[in-house]
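I have placed the structure first, in the form of structure tokens, so that the comments after it can refer back to it.
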Amino acid sequence: MKKLLFLFLFTSLFGFAQNSDENQLKEIYKSALTNSKCYTWLDDLSNKIGSRLSGSVGAQKAVEYTKTQMEALGGFDKVYLQEVMVPKWVRGEKETAYILDNKTKIKVPVCALGGSVATSKKGVTAEVIEVHSLKELETLGIDKIKGKIVFFNRPMDNAQIESMNAYGGAGDQRWSGAREASKFGAVATIVRSLNFRLDDFPHTGSQSYGDIPKMQYIPTAAISTNGAELLSKKLKQNSKLTFYLKQSCQQMEEVLSYNVIGEIKGTEHPENIIVVGGHLDSWDLADGSHDDGAGCVQSMEVANIFKNIGYKPKNTIRVVMFMNEENGGRGGKKYQELAQINKENHIFALESDSGGFSPRGFSFESDDTNFAKISNWKTLFEPYLIHSFTKGHGGSDIEPLTSTKIVKAGLHPDSQRYFDYHHAANDTFDAINKRELELGAATMTSLIYLIDKYGIE
């Protein structure tokens, strides 16, 4: 009899809690879809401020704007800036590139990769050698590479359903291509843009010379996928054709910038901190609406939703606009450094940095116990077509964050079109769907609500 009574009480309480959470999520999604500010915030970031590369005027304006908006929101106990020194790389004049096939000169779209050095003022002209991997450089050796422009033409793998895996699988040629090619005497590198689609937009992104001497630095640029296809075709017809590249980028002295932080103090456990954020900087070719203006305004919207529905979190919530994710990760590192100095206890961190597309779920950095606990909430999300709870990477800005026990997560939107825009000149506000952006914000808020209510193990 006692067992039956206990089972009845447990089932009743569990059912009550389940119904309560279902109702709370309904309120969260309703607020996001009918009373949100995130789309307007993103419109301002994109169209009134524009590109926000670290160290730029745009980045500073974005700091000032997001701080002002969080202060005006009224849901935070305090809003403040966290100083961080960041690199300043300047693209300079628009890059120029030609395929020179005998007497034919064909212009192709290119853009310097972040952190690249410039060519000489006259540019660089040399024969081109096409490769498909870093390993292939070693196979060819210095005799075949010295004095040439190395053309890395490995496309993202279309067979990969998860587009982030395809991106990761092709990314080493962009990050390390110039460094490795310079060891064999190359004079420059051209890298196929990391993009599934065939188009005329070159996609920039960070590259690294590592620890090679500065005298060995060579210019490196991305070429559009259409340009890469054309260059490869022309090389098959004429292996001796040459390529001309001119770019004028510069690495300047570091400058002072800021993480922007809005804090809601917890009502029961203010010592426990939950972080939600995105990175405020973007590449300079466009306004970075998907990467990562979307993640920033979605994170701000979490606080707006809690305010609108009257939810008072038990734990302290911090909305963080991280600076310098794109070309250094200084914002995330500085946040972690100060968290350690202040002996702060972070229990959860959530990042949105995969675009403002329709949400599909989350990837978690978690132990098995907490992952099982969080997975039990999956049924609450299924009415909103959120079905993917997997273990994986949380995000670059929250990656350095450590605590006694912490769970990290990354919002996982539908990413099939993300690399059409990623780091390219078409990553603009008109590529954003308002409803999808708001659904992402609601999904993030719902997870934070559940973490805040039930904690981690």
Side-chain angles (χ1 to χ4, degrees), residues 37-38 41-42 45 52 54 59-60 62-71 73 75-86 256-266 270-282 288 291-307 313 315-326 328-342 344-354 362 365 393-403 406-411 440-441 444-445 447-448 451-452:
K37 295 180 180 290
C38 57
W41 285 329
L42 186 56
L45 271 179
R52 305 176 298 279
S54 294
Q60 180 58 30
V63 167
E64 295 165 1
Y65 174 78
T66 50
K67 181 175 183 287
T68 299
Q69 292 302 312
M70 283 199 273
E71 287 172 337
L73 190 62
F76 294 102
D77 292 295
K78 61 179 179 178
V79 177
Y80 58 99
L81 301 180
Q82 195 174 70
E83 292 185 353
V84 55
M85 295 300 294
V86 299
L256 178 64
S257 191
Y258 306 89
N259 293 330
V260 186
I261 302 174
E263 182 173 293
I264 306 170
K265 192 172 183 179
E271 74 282 3
N272 293 338
I273 300 169
I274 293 172
V275 164
V276 57
H279 65 85
L280 196 50
D281 59 307
S282 74
D291 186 19
D292 183 32
C296 288
V297 299
Q298 286 173 328
S299 300
M300 292 166 64
E301 187 63 39
V302 171
N304 186 42
I305 292 170
F306 280 162
K307 176 177 173 253
N315 304 283
T316 294
I317 308 289
R318 281 190 190 157
V319 175
V320 184
M321 309 287 101
F322 294 98
M323 183 56 71
N324 184 234
E325 187 272 347
E326 292 292 7
R330 302 281 186 89
K333 293 170 187 174
K334 175 58 70 172
Y335 184 88
Q336 159 65 359
E337 176 189 327
L338 295 177
Q340 284 190 315
I341 290 171
N342 296 324
E344 294 176 340
N345 181 44
H346 289 77
I347 62 170
F348 183 66
L350 171 60
E351 184 168 340
S352 172
D353 186 19
S354 298
F362 302 95
E365 295 179 43
H393 183 58
S396 298
D397 287 304
I398 62 175
E399 185 173 2
L401 191 57
T402 58
S403 243
I406 184 171
V407 173
K408 302 176 188 178
L411 179 68
M444 294 164 66
T445 308
L447 181 61
I448 289 173
I451 291 284
D452 181 65

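- Counting only distance, with no hydrogens or angles, the side chain of Ser282 and the backbone of Asp291 share no donor-acceptor pair below 3.5 Å.
- Side-chain atoms of Lys265 do not come within 3.5 Å of backbone N or O of Asp77 as any donor-acceptor pair.
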### Query
Is there a side chain to side chain donor-acceptor pair (under 3.5 Å) between Tyr65 and Arg52 once you walk through the steps?
CA-CA 12 Å; Tyr65 174 78; Arg52 305 176 298 279; over 6 Å; no

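- Remark: the backbone N or O of Ile398 is paired with a side-chain donor or acceptor of Glu351 at under 3.5 angstrom.
- For Val275 against Tyr335, the heavy-atom pair with the smallest separation is CG2-OH, 3.2 Å.
- If you take OH on Tyr80 and CD on Glu71, they are separated by 13.0 Å, rounding to the nearest 0.5 Å.
- When all heavy atoms of Val276 and Ser299 are compared, the pair lying nearest together is CG2-OG, 3.7 Å.
- Using modelled atom types, one side-chain atom of Lys408 and one backbone atom of Leu401 make a donor-acceptor pair closer than 3.5 Å.
- Using a distance-only test at 3.5 Å, with no hydrogens or angles considered, a donor-acceptor pair links the side chain of Glu365 to the main chain of Gly394.
- Taking all atoms of both residues into account, the shortest heavy-atom contact from Ser54 to Ala59 is CA-CB, 4.4 Å.
- Qualifying ring pair (Phe, Tyr, Trp, His ring centres under 6.0 Å) partners for Tyr258, counting only residues two or more places apart in sequence or in other chains: none.
- Here the options are Met85, Arg330, Met323, the test is side-chain contact (heavy atoms from CB on, under 4.5 Å), and the partner is Ser257; only Met323 passes.
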### Test side chain to side chain contact (heavy atoms under 4.5 Å, CB included) applied to Ile347 and Ile406, step by step
CA-CA 4 Å; Ile347 62 170; Ile406 184 171; 5.9 Å; no

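- Across every non-hydrogen atom of Met300 and Trp41, the tightest pair is CB-CZ3, 3.5 Å.
- One finds the CZ atom of Phe306 at 5.5 Å from the CD1 atom of Ile317 (value rounded to the nearest 0.5 Å).
- A donor-acceptor distance shorter than 3.5 angstrom exists from the side chain of Gln336 to the backbone of Thr402, with no hydrogens or angles considered.
- Ion pairing between Lys333 and Glu337 fails under the 4.0 Å rule for side-chain N and carboxylate O.
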### Query
Could you go step by step and tell me if Asp281 and Asn324 meet the side chain to side chain donor-acceptor pair (under 3.5 Å) rule?
CA-CA 6 Å; Asp281 59 307; Asn324 184 234; 4.9 Å; no

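- One distance of note links CZ of Arg318 with CG of Asn259; it measures 11.0 Å at 0.5 Å rounding.
- Side chain of Asp452 to backbone of Ile448: no donor-acceptor contact under 3.5 angstrom is found.
- Heavy-atom minimum distance, Val319 versus Ala303: CG2-CB, 4.3 Å.
- Partner of Val79 under the side-chain contact (heavy atoms from CB on, under 4.5 Å) criterion, out of Gln69, Lys67, Glu263: Lys67 alone.
- Between the side chain of Glu301 and the backbone N or O of Lys37 there is at least one donor-acceptor pair closer than 3.5 Å.
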### Task
Decide yes or no on side chain to side chain contact (heavy atoms under 4.5 Å, CB included) for Phe322 and Val84, but give the supporting numbers first.
CA-CA 10 Å; Phe322 294 98; Val84 55; over 6 Å; no

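- The structure places CG of Asn315 at 9.5 Å from CD1 of Ile451, a figure rounded to the nearest 0.5 Å.
- The shortest non-hydrogen separation linking Glu325 to His279 is OE1-NE2, 3.1 Å.
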### Task
Apply side chain to side chain contact (heavy atoms under 4.5 Å, CB included) to the pair Leu280 and Val260, showing each step before the final yes or no.
CA-CA 9 Å; Leu280 196 50; Val260 186; 4.2 Å; yes

